Participant: 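Sharing a structure with you now.
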Amino acid sequence: MICENIGFDTNGDLTFAGQNTAELAVKYGTPLYLLDEDRIRERCRTYIGAMASAFPGNFRVLYASKASSFKRIYEIMNEEGMGIDVVSRGEIYTAIRAGFPLEKAFFHSNNKTDADIAFAMDNGVGFFVVDNAEELYAIEREAASRSIKQKILLRLTPGIDPHTYAAISTGQVDSKFGSAIETGQAETITEEALGLSHIELMGYHCHVGSQVFDSDVFIRAADVMLDFSAQMNKKRGYLTKILNLGGGYGVRYIESQPTIDISANIAQVGEFIHSKVSELGIPMPQICMEPGRSIVADAGMTLYTVGTVKRIPGYKNYVSVDGGMTDNVRYAMYGAPYTILPAAKICVNREKMTADVVGRCCESGDVLQKDVVLPSAIKRGDILACLTTGAYHYSMASNYNRIPRPPVIMLSAGSSYVAVRRETEEDITALDI
Ligand code: LLP
């Protein structure tokens, strides 16, 4: 199985976090997001443990909450000693409602409005990750009007191609994010930040992409960022206090993808950074990472009930489920691969069929996965499980076709509880005047 929290019980039924998935589907209804809380905590501890040995006493692990944002997840992150990356007023507000200490929050986004900046400052967000010069001055103005000095990092683009989907690459020079080192804009914005009296420049941030498997991506990014830090030290006498290397490692959605050993990878990055820093003769900055996907992705599973099974002789088969692109837009957006299987053992016969698993939206592109091999006995009422749906599913869900979003059910130590309740048609019309 692609993750150790997935298995089969003695009847051959699919289990997740040790619990029978078909029973969970009956208890909570479908479509249904499941999240394995124990796995989430374990992943936080893996990152924190690895960072603590690579950068003793001088590191931070921030959960990139865009991967999955709701109150309970911020409570869990707080309990695990994680910081957070937030990108909107909505994420900040959710963290506040969860009682998350915002001095441990890093506020991203390539386009923070003046109102966003004011909201974040009024609520004590610890760090702003500044995308560009225009934003730098907007932050200076808001900080000046409050007579405070705002801690910031500058988001720089190191010019690295991480070989992931184009839509989730961010570190190239022509990215919409950050200020490029190659064009000289990174140097200019550093000088500008150092000249502002309500800004405290704490260091630099970069993020090259998401679902990255190339293990040397962080090393290449750190190499460029540390060279730049050394240059700024030489030219301006500015010493980087924090270097944030951005998001975490890729995860396995299908058997053919690799499993990444996070601890071993971070150890390698650590070795590289220590030797680079001593070669450059600069002090070791605090190193941060911002994993999102690898904290929650394989802690998630979505359960659906099968509806129409359509066979078009000589062409193809469709298995329709009661969710779709409204709860999982990742195939439609990126062609992302998934593993989909029946929750209960279907023992009528062993014959298989290949089918596109599709949703119920009025849209041909509403596909969860093409060419899925399923038992040919699959029929209306059976439960299907889509694996590895903990990251960028609930957080990217929509109400297209006025379809309510599924609930988020947490699984922990053999029991389950509702973290986000199921949306209703009443909720959907609640904003209509
Ligand atoms: N830090 C920054 C600044 C980011 O932009 C991101 C992701 C992360 C951290 C977290 O990266 P991760 O550890 O999750 O790879 N919706 C897409 C992913 C977009 C990621 C955007 N930024 C998807 O469904 O694959």
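Read the numbers this way: they start at 1 and go in the same order the structure lists the ligands and their atoms. What you see is a predicted model, and the numbers here were worked out from it, not measured in a lab.
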Participant: Ignoring angles and geometry beyond distance, decide whether E290 reaches within less than 3.5 Å of ligand 1 through its nitrogen or oxygen atoms.
Facilitator: yes

Participant: Under 3.5 Å between some N or O of ligand 1 and some N or O of Y249?
Facilitator: no

Participant: List the atom of S294, the atom of I262, and the distance in Å for their closest heavy-atom pair.
Facilitator: CB-CD1, 4.4 Å

Participant: Quick one: list whatever passes ring-ring contact (aromatic ring centres under 6.0 Å, His included) with H274, sequence neighbours left out.
Facilitator: F55

Participant: Using every non-hydrogen atom in the two residues, find where E135 and N111 come nearest and quote the distance to one decimal.
Facilitator: OE1-N, 4.4 Å

Participant: Could an N or O of ligand 1 be found under 3.5 Å from any N or O of H205, whether backbone or side chain?
Facilitator: no

Participant: Does at least one non-hydrogen atom of P291 fall below 4.0 angstrom from an atom of ligand 1?
Facilitator: yes

Participant: Is ligand 1 under 4.0 Å from a heavy atom in the side chain of D85, in the backbone, in both, or in neither?
Facilitator: side chain

Participant: Does any N or O atom in R330 lie less than 3.5 angstrom from one in ligand 1, N or O only?
Facilitator: yes

Participant: Apply ring-ring contact (aromatic ring centres under 6.0 Å, His included) to residues F213 and Y249 and explain how you reach the verdict.
Facilitator: CA-CA 7 Å; F213 285 114; Y249 291 96; 9.7 Å; no

Participant: Before signing off on this row, confirm whether Y392 and ligand 1 have an N or O atom pair separated by under 3.5 Å.
Facilitator: yes

Participant: Contact between Y334 and ligand 1, counting heavy atoms under 4.0 Å?
Facilitator: yes

Participant: Which is closest to atom 8 (C) of ligand 1 by heavy-atom distance: H207, M333, R293?
Facilitator: H207

Participant: Counting both backbone and side chain atoms, is some N or O of G292 under 3.5 Å from an N or O of ligand 1?
Facilitator: yes

Participant: If you look at every heavy atom in P291 and L62, which pair is closest and at what distance?
Facilitator: CD-O, 3.1 Å

